[in-house]
Amino acid sequence: MKKLVAILFICSLAFHGYSKENSSDKKWWKEAVVYQIYPMSFKDSNGDGIGDLKGILSELDYIKSLGVDVIWLNPIFESPNADNGYDISNYRAIMKEFGTMDDFDALLKGMHDRGLKLLLDLVANHSSDQHEWFQESRKSRTNPYRDYYHWWPAEKGKPAFRPGNFEVDGSGWRFDSLTNAYYLHYFNFRQPDLNWENPKVRAEVYDMMKFWLDKGIDGFRMDVIPFISKDVNFPIITDKDLKEKYNGDWSQYIGNGPFLHQYLREMNEQVLSKYDCMSVAEGTGTTVQQALDFVDADRKELNMLYHYDGVNYGYLPGKFKTPDPKGYDLVGFKTIYSKWDSVFANKGWGTIYLGNHDQPRMVTRWGNDSPQFREVSSKMLTTFLMTMRATPYYYFGDELGMSNIKFSSIDEYKDIESIAMYEMTKNKGGDLNEFIEAQKITARDNSRTPFQWNAKTNAGFTVGTPWIKINENSKTVNVAIENKDPNSVLNYFRKMVQLRNTNKTLIYGKYELIDKANPNIYAYTRGEGKDKILVLLNFTKENVNWNAGGKGVLGKKILINNYTDLNLKKHTVELRPYQAVCIQL
Ligand code: GLC
Ligand code: CA
């Protein structure tokens with residue numbers, strides 16, 4: 001009897017919320033496919049050459065037709081656009097190029113009417129230098145907004161080095177003669193860092209988040225959120241410290257501020273927990289060891305995080321975003337994604353992506369964008385993204401197989417990063433040719449060119465002059481053509497999303513890497529026991545035989561295949577170049 005009482009007691013504890021949350025617990029955001037749109041380049045409704053909210057509204061049926069669930073929009077707020085919206089001058093107003101608050105309300109309604117959810121970009125590590133807070137802050141040392149930012153009085157000498165991305169001299173401090181002080185900016189000087197150690201700043205950010213959540217948005221993607229907390233003594237970080245403690249990577253130092261997790265818990269308690277919303281951190285500088293600190297549900301911080309280990313793989317050390325000319329090694333690639341899967345084996349939840357607005361086009365970087373293999377390798381990469389145990393963040397245009405534009409002159413670039421790094425290379429007497437060649441593969445502008453709707457003028461994106469050049473392959477790579485072709489990259493994406501949406505094993509099922517040392521094939525299974533799916537991905541442009549082992553796969557059901565046929569032998573699967581298949585075992 002006593003035993004029974006004890007068991008009942010434990011059950012009721014579990015029932016009343018004392019239980020721990022596991023990765024296998026069902027949540028809508030684990031089952032969602034996120035589709036990311038770079039608003040500047042999706043669809044222009046008024047002919048000024050810049051994409052806008054009305055443009056997105058006019059194409060919601062297209063987005064719905066993809067089968068995706070959530071739309072993430074890059075920043076749509078008022079901004080002088082030093083870094084294309086990642087420098088916000090008013091968090092509660094819409095960027096004038098993108099439209100009005102009425103347009104926003106209509107867009108949100110249009111999405112919700114179609115069962116689509118909306119994720120906005122929270123850029124709160126820094127604001128624009130044109131933000132009223134900063135304009136006030138710089139006026140005098142006693143201004144009420146002074147402590148909204150990090151200032152270092154010049155009479156204390158020069159502050160210890162901090163990196164400023166997008167700065168030609170690489171420094172994260174800018175001297176302002178008006179008050180004889182330096183201010184901190186981890187990005188460009190037009191993006192001063194907000195002082196999160198000031199409770200007033202945190203309250204402003206939480207209020208602003210509530211403003212958008214009360215309007216009905218469904219969550220936030222959080223820009224460089226690991227950077228928010230700073231050691232305000234700004235100690236000297238020596239090269240030796242950096243190497244030994246932070247793997248030589250500044251973002252690992254910056255992404256681990258002293259009160260980071262305290263602030264995230266506070267944000268959760270005051271804002272996120274009050275809404276049925278999702279949150280995803282840009283995990284800049286976050287390692288596998290730290291990931292659960294953000295997303296273990298019991299810690300009550302965030303839902304998901306996306307790491308950089310995958311997309312930074314295959315670059316030459318010590319050079320700015322320069323890919324190894326030998327290409328990347330698939331075994332290392334598999335190791336990274338398998339390691340990141342294992343982090344969330346029991347708790348938390350992962351994300352998966354190969355492209356976004358900070359990365360080049362996935363087919364150019366990870367597949368093969370030559371005419372012969374562009375389509376099939378795009379489909380193969382899509383298969384990878386949709387069959388991992390993680391929420392896919394899929395970048396607009398990848399569903400068409402859009403590829404890098406590969407500008408050959410710095411004059412064609414619009415991105416603050418490419419322009420600053422070019423100048424830096426020049427000033428250091430570096431090899432500018434090598435820089436431009438590397439940028440053809442890795443520059444961010446490659447993925448920011450306008451979406452390709454049809455073969456008409458400007459790919460149907462605008463009737464005006466596009467803000468950035470359009471890829472010439474838009475004549476053949478576009479929605480109009482691909483819609484009509486059942487074997488197009490676009491229709492393959494739709495099928496693949498459908499397969500994931502209707503197959504819980506592809507969402508929650510256990511991931512197991514098999515044939516780990518195979519340098520050509522990425523093979524893994526999802527699920528367990530009777531419900532197991534085999535995923536085979538040929539990452540090469542050659543035919544490759546894959547050894548299926550004892551029982552083989554003859555007679556098993558093929559769930560999806562990016563070719564019209566599959567050559568199955570008793571013990572081998574003959575995979576064609578970039579072939580991808582999912583087989584129900
Ligand atoms: C993030 C954004 C990137 C931006 C930077 C500064 O990395 O994704 O586009 O330039 O933060 O806000
Ligand atoms: Ca426009």
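All figures in this text were calculated on a predicted structure; none of them were measured in a lab. Whatever order the structure lists them in is the order used to number ligands and atoms, beginning at 1.
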I'd like to know if [X] and [Y] make a salt bridge, using a cut-off of under 4.0 Å between side-chain N and carboxylate O.
X    : Y    : answer
R202 : E266 : yes
D113 : K109 : yes
D369 : R361 : no
R444 : D415 : yes
D176 : R174 : no

key: Protein N, O or S atoms under 3.0 Å from the Ca ion (ligand 2)   = 5

Greater than 12 external heavy atoms within 6.0 Å of [X]'s [atom1]:
X    : atom1 : answer
K456 : NZ    : no
K243 : NZ    : no
Y206 : OH    : yes

ask   = Any side-chain donor paired with an acceptor under 3.5 Å for D193 and H185?
value = no

ask   = Around ligand 1, what residues show up once you keep those with a heavy atom under 4.0 Å from it?
value = D83, Y86, H126, F166, F187, R221, D223, V224, E282, H357, D358, R444, R448

